[in-house]
Amino acid sequence: MKRYIYKLSKEDFYEFLIRYPFGVEVLKRNGEILFATYEPVEELYPLKVEEISTDWQNWKEKFKPVEVDDFVILPPWKKPVFIKPGMAFGTGLHPTTRLCINALKRYLKEGWSVLDVGTGSGILAIISKLLGASKVVGIDISEEAVRECRENAELNGVYVECIKAEPKEITEQFDIVVANLEIKIFEKVLKDIFPKIGKVGIFSGLYKEEDLKRFSELLGKPFTEVYEEKDWFCVILDMNNTR
Ligand SMILES: C[S@@+](CC[C@H](N)C(=O)[O-])C[C@H]1O[C@@H](n2cnc3c(N)ncnc32)[C@H](O)[C@@H]1O
């Protein structure tokens with residue numbers, strides 16, 4: 001595979017980006033912009049053409065979102081999620097949310113149902129839908145969160161049932177239950193969450209080994225997997241596959 005290196009002034013580059021239908025890799029931004037494409041650009045003459053490895057995954061990772069004013073240019077394999085700034089927790093910046101997203105990516109199968117306990121902005125419920133879930137219900141005790149969950153789901157063009165409720169009020173079972181809460185809340189509601197898990201439970205918001213140990217006592221079952229980021233833990237319980 002070949003990589004084509006070009007240089008343009010800032011103004012010409014931004015104009016080019018709006019017209020160019022594929023991703024570009026920005027290499028250097030000074031007064032001018034040095035960038036690469038993976039197809040030759042008819043209208044431009046490359047500074048250099050390089051032979052590169054065709055390791056597809058690495059090749060894809062090189063494409064970062066490019067912001068031009070209020071546009072964000074993304075390669076087609078990136079999936080945008082719109083979250084309106086608000087009061088509810090869940091922008092994707094916090095490790096506890098990110099660990100849940102990784103777990104959903106790994107465990108959620110197309111057509112499965114999902115209950116998101118403590119939905120906040122609705123981010124995990126929305127991503128579950130984008131990952132192919134069938135029915136998704138997001139519950140929260142905060143009125144504001146329920147409103148934001150609805151707004152954000154609509155913004156992303158997906159339907160999520162956003163309800164003001166606690167886990168004990170939910171009567172159905174779901175294939176996946178994801179709960180990004182806190183140990184103090186798990187102490188109160190884990191017993192109500194547990195019966196709603198059909199196949200996989202994802203529990204996040206556990207800080208340091210101390211919370212993890214306490215959660216293990218509360219669960220009273222071996223974990224299938226534990227994810228960690230910056231001392232935050234996320235526990236997976238796959239009902240068909242525990243160690
Ligand atoms: C840490 S935020 C998680 C937000 C979002 N799911 C995320 O992962 O980014 C926890 C949410 O749980 C809600 N919450 C707290 N106690 C709850 C309970 N007993 N039942 C349902 N939701 C609860 C809070 O209002 C808050 O919105």
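Below, each value reflects all heavy atoms present in this structure, side chains not excepted, and no hydrogens, waters or symmetry copies. Numbering of ligands and ligand atoms starts at 1, following listing order. Worth saying up front: this structure is predicted, and the values here are computed from it rather than measured.
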Which protein non-hydrogen atom lies closest to [atom], naming both residue and atom, and how far is it?
atom	result
atom 16 (N) of ligand 1	Ile141 CD1, 3.5 Å
atom 6 (N) of ligand 1	Gly118 O, 2.8 Å
atom 19 (N) of ligand 1	Glu166 OE1, 3.3 Å

Between [X] and [Y] (salt bridge meaning N to carboxylate O under 4.0 Å), is one present in this structure?
X	Y	answer
Glu187	Lys184	yes
Glu225	Arg106	yes
Lys48	Glu50	yes

Donor-acceptor contact present, side-chain Asp12 to main-chain Leu8, <3.5 Å: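 The answer is no, because no donor-acceptor pair under 3.5 Å joins these two groups.
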Distance in Å, Tyr227 OH paired with Ser204 OG, rounded so as to fall on 0.5 Å steps: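 Nearest 0.5 Å value for the OH-OG distance: 11.0 Å.
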From Asn180, Ile170, Asp192 - option closest to atom 3 (C) of ligand 1 by heavy atom: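 The nearest heavy atom belongs to Asn180.
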Of the listed options Val146, Ile127, Asp140, Ile139, closest to atom 26 (C) of ligand 1 (non-hydrogen atoms):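 Selected option, by shortest heavy-atom distance: Asp140.
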Side chain to side chain, Val200 and Trp112, heavy atoms closer than 4.5 Å: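 A side-chain contact under 4.5 Å exists here.
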List every atom of ligand 1 that sits less than 4.0 Å from any heavy atom of [X], numbering the atoms from 1 in the order shown and giving each element.
X	answer
Gly90	9 (O)
Leu124	6 (N), 8 (O)
Ile123	7 (C), 9 (O)
Ile185	15 (C), 16 (N)

From CA spacing to verdict: side-chain hydrogen bond (donor to acceptor under 3.5 Å, both in side chains), Asp140, Thr119: CA-CA 6 Å; Asp140 207 292; Thr119 196; over 6 Å; no
Any N/O pair Thr97/ligand 1 closer than 3.5 Å: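 Yes - when backbone and side-chain N and O of Thr97 are compared with those of ligand 1, one distance drops under 3.5 Å.
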Under 3.5 Å: N/O of Pro167 near N/O of ligand 1: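 Min N/O separation from ligand 1 is not below 3.5 Å for Pro167.
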Proximity to ligand 1 by part of Leu181, non-hydrogen separation under 4.0 Å: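 The answer is the side chain.
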Region of Thr119 that comes within reach of ligand 1 [heavy atoms, distance under 4.0 Å]: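 The backbone, only.
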Aromatic ring proximity, centroids under 6.0 angstrom, Phe35 and Phe13: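 They qualify: ring centres under 6.0 Å apart.
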Whether Ala165 lies under 4.0 Å from ligand 1, heavy atom: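 It does; at least one heavy atom falls under 4.0 Å.
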Qualifying residue for salt bridge (Lys or Arg N to Asp or Glu O under 4.0 Å) with Asp175, from Lys135, Lys199, Lys109: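 It is Lys199, the one option of Lys135, Lys199, Lys109 that forms the salt bridge (Lys or Arg N to Asp or Glu O under 4.0 Å) with Asp175.
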